[in-house]
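Have a look at the structure below before the remarks.
Just so it is clear, the values below take in all heavy atoms, side chains as well, and ignore hydrogens, waters and symmetry mates.
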Amino acid sequence: MAGTAVLAIAVTAFVYTASRRAVRGGETRAAAHAYAYEEVAAGPESTSGPESFGGQDREVAGNYRRFGIINAAQTVAIVAAVMVLGRLGAWILVPPAVCLIVGLHFLPLAGVFGQPPYRWAGLLLVGVALAGILACAAGAAQGTVRALVGAGAALVLWGTALRVAGRLRMVAGQR
């Protein structure tokens with residue numbers, strides 16, 4: 001049990017650090033592109049610079065924190081759910097529990113990233129998790145529950161990825 005707790009802490013620290021770096025890198029590149037776009041649009045006599053972004057740095061820093069906290073909470077919740085359900089011998093409930101936690105984590109991320117499709121993804125994943133729990137209650141086999149939750153979650157996540165990519169492509173095309 002102590003080894004599992006140490007592993008959970010290590011995984012949480014890794015996910016938090018990796019997610020912060022991923023967001024920081026992506027937002028740094030986005031800010032550089034926005035700055036270059038503003039420079040081209042403003043013309044050669046422009047005196048704008050990175051300081052023209054105003055309070056954006058504070059907003060970006062707040063997004064780092066929220067994203068990291070949300071992902072760390074998700075990791076802790078998943079590890080705790082697996083540990084508790086494993087102790088209870090309820091392994092059949094692990095896939096629906098993980099799907100539920102992942103779905104719930106998408107709800108606040110919709111606001112952090114300004115991506116309404118994440119809200120739909122979260123709600124649909126919660127629905128998939130509930131379907132898995134109902135299948136368990138109805139006596140479905142473990143393989144059936146895994147297939148139901150796994151396929152449902154995959155469809156939701158692929159659909160969300162395609163929708164978000166389409167939105168980003170549409171926004172980029174408007175420039």
Side-chain angles (χ1 to χ4, degrees), residues 8-38 41 48-85 93-134 148-175:
I9 292 168
V11 168
T12 302
F14 173 76
V15 168
Y16 179 78
T17 303
S19 63
R20 271 185 69 95
R21 287 183 181 159
V23 171
R24 182 175 294 138
E27 289 184 352
T28 301
R29 286 190 299 277
H33 290 301
Y35 173 68
Y37 180 77
E38 281 184 4
S48 68
E51 63 279 355
S52 67
F53 292 128
Q56 186 176 3
D57 287 341
R58 284 191 182 152
E59 181 181 339
V60 168
N63 284 348
Y64 296 152
R65 251 186 312 285
R66 285 190 296 274
F67 180 67
I69 289 168
I70 291 165
N71 277 337
Q74 173 189 235
T75 303
V76 169
I78 288 172
V79 170
V82 170
M83 289 173 60
V84 168
L85 292 171
L93 290 172
V94 169
V98 170
C99 187
L100 177 68
I101 294 164
V102 171
L104 292 173
H105 117 284
F106 268 102
L107 298 175
L109 287 181
V112 170
F113 292 118
Q115 290 290 341
Y118 286 175
R119 190 170 333 272
W120 284 106
L123 293 173
L124 289 171
L125 287 171
V126 168
V128 168
L130 293 177
I133 292 168
L134 290 174
L148 173 70
V149 173
L155 287 172
V156 169
L157 294 171
W158 273 106
T160 302
L162 292 172
R163 177 70 177 125
V164 170
R167 285 186 83 225
L168 294 176
R169 211 173 305 123
M170 187 173 60
V171 169
Q174 291 176 354
R175 287 189 171 172

When rounded to the nearest 0.5 angstrom, what is the spacing between CG in Leu130 and CG in Leu134?
6.5 Å
Rounded to the nearest 0.5 Å, how far apart are CG of Leu155 and OG1 of Thr160?
10.5 Å
Could you tell me which residues satisfy side chain to side chain contact (heavy atoms under 4.5 Å, CB included) with Val128, sequence neighbours excluded, listed by chain and number?
Cys99, Val149, Val156
Quick one, Val164 with Tyr118, criterion side-chain contact (heavy atoms from CB on, under 4.5 Å). Give me CA distance, side-chain angles, the key distance, then yes/no.
CA-CA 8 Å; Val164 170; Tyr118 286 175; 3.7 Å; yes
Just how far is it from atom CZ of Phe67 to atom NE2 of His105, taken to the nearest 0.5 Å?
7.0 Å
Compare every heavy atom of Val94 with every heavy atom of Val82, then report the nearest pair and how far apart it is.
CG2-CG1, 3.9 Å
Of the non-hydrogen atoms in Arg119 and Leu107, which two are nearest, and what is the gap between them?
O-CD2, 3.6 Å
How many angstroms lie between atom CZ of Arg66 and atom CG of Asn63, to the nearest 0.5 angstrom?
4.5 Å
4.5 Å side-chain heavy-atom contact, Leu125 and Phe106
yes
